[in-house]
Amino acid sequence: MIWQVLASIPQGKVTAYGQIAKLCGYPGYARYVGHTLKQLPHGTSLPWHRVINAKGQISFPVGSDAYQMQRRRLEQEGVVFEGEKIRLKHYQWNGISSDSAPDN
DNA sequence: GTTGTGACTACCA
DNA sequence: ATGGTAGCCACAA
């Protein structure tokens, strides 16, 4: 299920772990989603990089290898970053939770 | 079976 | 807006 929802995320858009879990019919399974993405093979065609946390940021330590890789992939798809945060206002796929209070 | 940890969230200070 | 705490669920020790 998670893979299916993951694959349905449009290019150039992002969503949150909790949102995916909810869409899969498992609200509250945000951590499970993260656990699943962690298990994805490196060569997977699934857009795991389009999954971020509810804060609108990448869930990896800033500067870490994984962080930079995910960020680069997102930017390649046209996603714009504001510092470490993503412009959810324009790039969130299906409303991400609540926090992040976008402005502009 | 209890305890600790993790690519998470929400609420409160 | 930022930082700390509690809830959340699955998995490993």
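Both backbone and side-chain heavy atoms feed into the values below; hydrogens, waters and symmetry mates do not. Naming: A, B, ... by sequence-line order, numbering from 1 per chain.
- The separation between Lys55(A) atom NZ and dA7(B) atom P is 12 Å, rounded to whole Å.
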What pairs of nitrogen or oxygen atoms, one from the protein and one from nucleotides 3-6 of chain C, lie under 3.5 Å apart?
none

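- In this entry the distance linking NE2 of His49(A) with C1' of dA7(B) reads 14 Å, nearest Å.
- Within residues 31-39 of chain A, the residues approached by DNA chain B to less than 4.0 Å at the level of any non-hydrogen atom are Arg31(A), Gly34(A), Leu37(A), Lys38(A), in residue-number order.
- Taking atom OH of Tyr29(A) as the reference point, atom P of dG7(C) lies 18 Å away to the nearest angstrom.
- Of the inter-residue distances, the one linking Leu74(A) atom CG with Met69(A) atom CE reads 11.0 Å to the nearest 0.5 angstrom.
- The NE2-P distance, from His42(A) to dA7(B), rounds to 13 Å in whole Å.
- Partners of Gln11(A) by side chain to side chain donor-acceptor pair (under 3.5 Å), not counting sequence neighbours: none found.
- Nucleotide dA1(C) holds its P atom 12 Å from the CD atom of Gln57(A), rounded to whole Å.
- Atom CZ of Arg71(A) is separated from atom C1' of dA7(B) by 17 Å (rounded to the nearest Å).
- The distance between atom CD of Glu82(A) and atom P of dA1(C), rounded to the nearest whole Å, is 12 Å.
- Looking at residues two or more places apart in sequence or on another chain, you find a side-chain contact (heavy atoms from CB on, under 4.5 Å) between Ala66(A) and Phe60(A), Ser64(A).
- When every heavy atom of Glu82(A) is checked against every heavy atom of Arg87(A), the shortest pair comes out as OE2-NE, 3.0 Å.
- Partners of Arg71(A) according to the salt bridge (Lys or Arg N to Asp or Glu O under 4.0 Å) rule, which considers only residues two or more places apart in sequence or in another chain, are Glu75(A), Glu84(A).
- As rounded to whole Å, 14 Å separates atom P of dA10(B) from atom OH of Tyr17(A).
- Listed by chain and number, the residues in a side-chain contact (heavy atoms from CB on, under 4.5 Å) with Tyr17(A) are Ala30(A), Val33(A), Leu37(A), Val51(A), Asn53(A), Ser59(A) (sequence neighbours excluded).
- At the heavy-atom level, Phe60(A) lies under 4.0 Å from base atoms of the strands shown.
- One P atom belongs to dA7(B), the other to dG7(C), and the distance between them is 22 Å to the nearest Å.
- Counting only heavy atoms from C-beta outward, the side chains of Leu88(A) and Ile52(A) approach each other to under 4.5 Å.
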Using nucleotides 2-4 of chain B, report all nitrogen or oxygen pairs with the protein that are shorter than 3.5 Å.
none

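- For the pair Pro27(A) and Lys85(A), both in contact range of DNA chain C, the more 5′-proximal nearest nucleotide belongs to Lys85(A).
- Sorted by first and then second residue, the salt bridge (charged side-chain N to carboxylate O under 4.0 Å, His left out) pairs with a member in residues 35-54 of chain A read Arg50(A)-Glu77(A); sequence neighbours excluded.
- Sequence neighbours left out, the pairs with a member in residues 23-36 of chain A that pass side chain to side chain donor-acceptor pair (under 3.5 Å) are His35(A)-Gln39(A).
- For the side-chain contact (heavy atoms from CB on, under 4.5 Å) test, residues two or more places apart in sequence or in another chain that qualify with Pro27(A) are Lys22(A).
- Residues satisfying the side-chain contact (heavy atoms from CB on, under 4.5 Å) criterion with Thr44(A), sequence neighbours excluded, are Leu40(A), Pro41(A), Leu46(A), Trp48(A).
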